[in-house]
Amino acid sequence: MTYIIEQVSLPPERIVAALRRTGTDAETVEEIMGTAAQIWMEQGKAAGIAEGKAAGIAAGKTEGKADAFLRLVRLKFGELASVHAERVHSASSEQLDAWLDALLTAEDIDAVFADRTRH
């Protein structure tokens with residue numbers, strides 16, 4: 001039964017109904033459902049940990065891009081105005097990629113931050 005609970009995604013009421021159809025007594029049903037609840041809690045915890053780890057890795061990569069961008073800006077144009085630095089630290093990974101690309105050919109810092117979607 002533990003294998004079924006771990007491998008098959010069934011709602012608890014369907015498991016209980018199936019156990020009752022087989023003539024399983026109420027005490028055994030309660031024990032099985034207690035075991036199922038523990039398994040589901042462990043699965044949820046593992047999924048939460050994995051999700052949190054992935055989010056942390058993504059945030060770390062974005063922070064790394066921001067730090068690299070700021071370093072390259074300082075090397076090319078000197079110190080960055082605080083208003084721009086705040087934008088960098090709150091930017092998405094995709095936005096940072098766009099600014100990093102723009103930095104290569106920009107003549108000044110304003111050109112890096114120019115909105116390229118407007119014509």
Side-chain angles (χ1 to χ4, degrees):
M1 193 65 189
T2 301
Y3 175 79
I4 293 170
I5 292 167
E6 288 177 343
Q7 301 301 317
V8 180
S9 181
L10 289 174
E13 51 279 354
R14 286 197 54 200
I15 296 171
V16 170
L19 289 169
R20 287 188 178 141
R21 280 193 305 270
T22 65
T24 306
D25 64 88
E27 186 177 317
T28 304
V29 170
E30 191 174 312
E31 286 177 29
I32 291 170
M33 294 311 293
T35 300
Q38 288 176 333
I39 291 168
W40 292 324
M41 286 174 49
E42 289 170 10
Q43 289 173 339
K45 181 179 177 182
I49 289 170
E51 188 177 311
K53 184 177 180 181
I57 289 170
K61 286 181 177 180
T62 300
E63 186 177 334
K65 282 184 188 181
D67 291 344
F69 176 78
L70 291 171
R71 181 175 181 184
L72 292 172
V73 165
R74 279 192 297 273
L75 289 171
K76 187 168 182 176
F77 299 120
E79 209 51 47
L80 191 62
S82 62
V83 65
H84 289 312
E86 289 173 18
R87 282 183 70 191
V88 170
H89 285 295
S90 64
S92 68
S93 181
E94 295 77 17
Q95 181 63 68
L96 289 164
D97 286 340
W99 289 338
L100 282 162
D101 292 346
L103 182 62
L104 289 174
T105 57
E107 295 295 323
D108 58 41
I109 193 62
D110 292 328
V112 174
F113 291 109
D115 183 358
R116 288 172 167 51
T117 60
R118 294 185 194 149
H119 297 290

Can you measure from [atom1] ([X]) to [atom2] ([Y]) and round to the nearest 0.5 angstrom?
| X | Y | atom1 | atom2 | result |
| --- | --- | --- | --- | --- |
| Leu80 | Leu72 | CG | CG | 12.0 Å |
| Lys76 | Glu107 | NZ | CD | 7.0 Å |
| Arg87 | Leu96 | CZ | CG | 10.5 Å |

Below 4.5 Å, heavy atoms only, C-beta onward: do [X] and [Y] meet side chain to side chain?
| X | Y | value |
| --- | --- | --- |
| Val73 | Val112 | no |
| Phe77 | Leu103 | yes |
| Thr35 | Glu31 | no |
| Arg14 | Leu19 | no |

Please list every donor-acceptor pair under 3.5 Å in which a side-chain atom of residues 40-62 meets a protein atom from a residue at least two apart or in another chain.
{"unit_1": "Gln43", "atom_1": "NE2", "unit_2": "Glu6", "atom_2": "O", "d": "3.3"}
{"unit_1": "Thr62", "atom_1": "OG1", "unit_2": "Ala58", "atom_2": "O", "d": "3.1"}

Worksheet item: Do other residues, nucleotides or ligands put more than 12 heavy atoms under 6.0 Å from the CZ atom of Arg74?
Response: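 More than 12 within 6.0 Å, yes.
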Worksheet item: In terms of the angle between their ring planes, are His84 and Phe113 parallel, tilted or perpendicular, with boundaries placed at 30° and 60°?
Response: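 Parallel: the ring planes of His84 and Phe113 meet at under 30°.
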Worksheet entry | Nearest heavy atoms of Lys65 and Ser93, plus distance in Å |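 Reported closest heavy-atom pair: NZ-OG, 2.6 Å.
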Worksheet item: So which heavy atom on Leu70 is nearest to which on Ala85, and how close?
Response: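 So the minimum-distance heavy-atom pair works out to CD2-CA, 4.5 Å.
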